[in-house]
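Every chain is numbered from 1, with letters handed out A, B, ... down the list of sequences.
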Amino acid sequence: MSDFVLYGLASAVLFSIGLYGFLFHENLIRKLLALNIMGGSVFVLLGAVSHRNAAPDPDPVPQAMVLTGIVVAVSATALALAIARRIEAETGAPALPEETESE
Amino acid sequence: VIEPAVLTILLPAAGGCLAFILGGRSTPWLGIVVSSGALATAGWQAVVVWREGAQTYTLGGWGAPLGIDLYVDGLSSVMLLMTAVIMLAVGFYALGYFRSPPGGEWRERQAFTPLWLFLFAALNSLFSSSDVFNLYVALELLTLAGVSLVIIVGGRDALTAAMRYLLAAFAGSLLYLMGVALLYAEFGLLDLRLLSEVAADTDPALVALSLMTVGLMIKTALFPFHAWLPRAHAAAPAPVSAMLSGLVVKASFYLIARLWVEAFPESLSVSAAQLIGLLGALGILWGSLQALREASLKLVVAHSTVAQVGYLFLLIPLVTETAPAWQLDAWSGGFYHVLSHAFAKASLFLCAGTILYAFGNDRIESLRGLSARLPMTTFAFGIAGVALIGLPPSGSFLAKWLLLSSALGSDQWWWAVVIAAGTLLSGAYVFRLLRHAFAPAEGEATMNRIPRFMELVSLALALVALTLGLRAAEVLQLLEVAAPFVEAVP
């Protein structure tokens, strides 16, 4: 198995774990962690793509995409955490209210 | 030389930063100046495209594939103009809306101007970019600005609605980003127009496109991914709802159409296209039925967005393996609907905001007597409603006409049935609201004074939506500059 396939499979597994966590956890912090795992899986794939041909100089474009992607993910996570804290201050739990009621 | 496409992005982005740094009571006026400038550059851009055809701008002199290209054709110019007009109108309206109680505390209202301008910049960069990764960044900026705008006034409903919106949009973005990574792994390219030259119907490309499409469908709130939309759009302050419902959901649809129809037309099978159309049809029915049941005005208008977004997706089956003439009708009809709905829906939300501002609530029963108390807003509401239903001479009449002729011409009569049923249902929920608005008032209601220009803004937007059908030849001609299918039509 080539390195590229290995990284590709790892990325697919991480993406699935993240998606599962996002869909089935109620706690907002866990949901956000799951989304970040999904984001990480994309970055793993992009990292592997940049080094795919085992050339001495890796392709810089996917690396630039990872860098930008991290910045975007950090911003979105920061905003989501800020909202989650305010929801906790209002309702007492970092979860979406209707879902906690239906438990 | 600074290109108009660069200016339309740069002006609101720089204005937003400046408004954020300066703060203070003059920033809303700074926003008006900046967005007027952006409207002027969008007009300039449209004139250039009208005269000289589609334009490509290489940022910093680095062309694709390494650099990022901006690409503006007729469709982009129409979208940019639509965005600029509605953003400017919303900015004017916000001058009044955020002046008193429903607009929240001053500290919170201050956040509106920079975020409004950032949203404006994100929309402009989305409509003029042709690089799939740059488009991802634009989508994320759109989400971050949009979610923050939902919560500027705060409150429990707005917070939870914004959280749902953010989670849905974040997940959608990651699905889209995974698709971008796979596309790059397969083709080594990010530019949509270069991709369309090498596009091949391979399995990895199909997986990538499916992930991107599902991600974008979540952001467009296509049934069954619509659950986040009604509450987010209803809980937001009215000027924000107008931008989100009128413009932001269209941005991700625009991208879906570009991806499938322009870049990868071979990858879309007839059965997949029919499935997408079916989701659109279910959205039309579901959104309309919910709109008939809701008890508050803003929730009715928000559910109507779910329904109206459904029409856009009928474009996909109508352009898949049909004759070029029907493809062009569907393409133009779909985007004419984007245009018309944007103006009608922005006007409806602004009217709802005016009513909320005047009476402190927007329950449908308390609309009684509205025609006597706020005649101009009632008039604007009626006109926007007529434009939403699609009665002539509104733009959506023309849009539905084009979609219907495409559906019947390409022997897909079932979509014609859906369009007709959706039109009747939208008539039902619009007239339900108007019936209450024209009912005689019961007793005296306390009413906040409304600045006259707020009512005028919503009326102006409604009149644009109504009269779009009258200047159709010019709009269609601009829309069809460098559009797909045009050359194949005799």
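Between the CD atom of A:Glu90 and the CG atom of B:Asp157 there is a distance of 9.5 Å, given to the nearest 0.5 Å. Residue A:Thr91 holds its OG1 atom at 9.0 Å from CG of B:Leu159, rounded to the nearest 0.5 Å. Interatomic distance, NZ of A:Lys31 versus CE of B:Met163, reported as 9.0 Å (0.5 Å rounding). Annotation: the span from A:Ser11 atom OG to B:Leu182 atom CG amounts to 7.5 Å, rounded to 0.5 Å.
Open room surrounds OH on A:Tyr7; 12 or fewer heavy atoms of other groups in view lie less than 6.0 Å from it. Counted within 6.0 Å of CZ on B:Phe20, heavy atoms from surrounding residues, nucleotides or ligands total 12 or fewer; the atom is thus considered open.
A heavy-atom distance below 4.5 Å is not found between the side chains of A:Val72 and B:Leu144. Using a 4.5 Å cut-off on side-chain heavy atoms (C-beta onward), A:Leu46 and B:Val180 make no contact. Using a 4.5 Å heavy-atom threshold, the side chains of B:Thr160 and A:Ile83 count as separate.
Shortest non-hydrogen contact noted between A:Leu79 and B:Ser148 is CD2-OG, 3.7 Å. Shown here for A:Gly69 and B:Phe133, the closest heavy-atom pair between the two residues is N-CZ, 4.1 Å. Of all heavy-atom pairs between A:Val42 and B:Ala181, the closest is CG1-CB, 4.0 Å.
Interface remark: of the candidates A:Val71, A:Thr77, A:Ile87, A:Val49, A:Ile87 forms the most heavy-atom pairs closer than 4.5 Å to chain B.
Only the side chain of A:Leu45 comes within contact range of chain B, with heavy atoms under 4.5 Å apart. At a 4.5 Å heavy-atom cutoff, B:Leu141 makes no contact with chain A through either its backbone or its side chain.
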Going by atom type alone, with no hydrogens or angles, which donor-acceptor pairs under 3.5 Å involve a side-chain atom of residues 56-68 of chain A and a protein atom two or more places apart or on another chain?
| from | atom 1 | to | atom 2 | distance (Å) |
| --- | --- | --- | --- | --- |
| A:Asp59 | OD1 | A:Val61 | N | 3.0 |
| A:Asp59 | OD2 | B:Tyr184 | OH | 2.5 |
| A:Gln63 | NE2 | A:Ser50 | OG | 3.4 |
| A:Thr68 | OG1 | A:Ala64 | O | 2.8 |

Per-pair distances, 0.1 Å, donor-acceptor, side chain in residues 171-178 of chain B, under 3.5 Å, sequence neighbours excluded:
| from | atom 1 | to | atom 2 | distance (Å) |
| --- | --- | --- | --- | --- |
| B:Ser173 | OG | B:Glu140 | OE1 | 2.4 |
| B:Ser173 | OG | B:Ala169 | O | 2.9 |
| B:Ser173 | OG | B:Lys219 | NZ | 3.0 |
| B:Tyr176 | OH | B:Val132 | O | 3.0 |

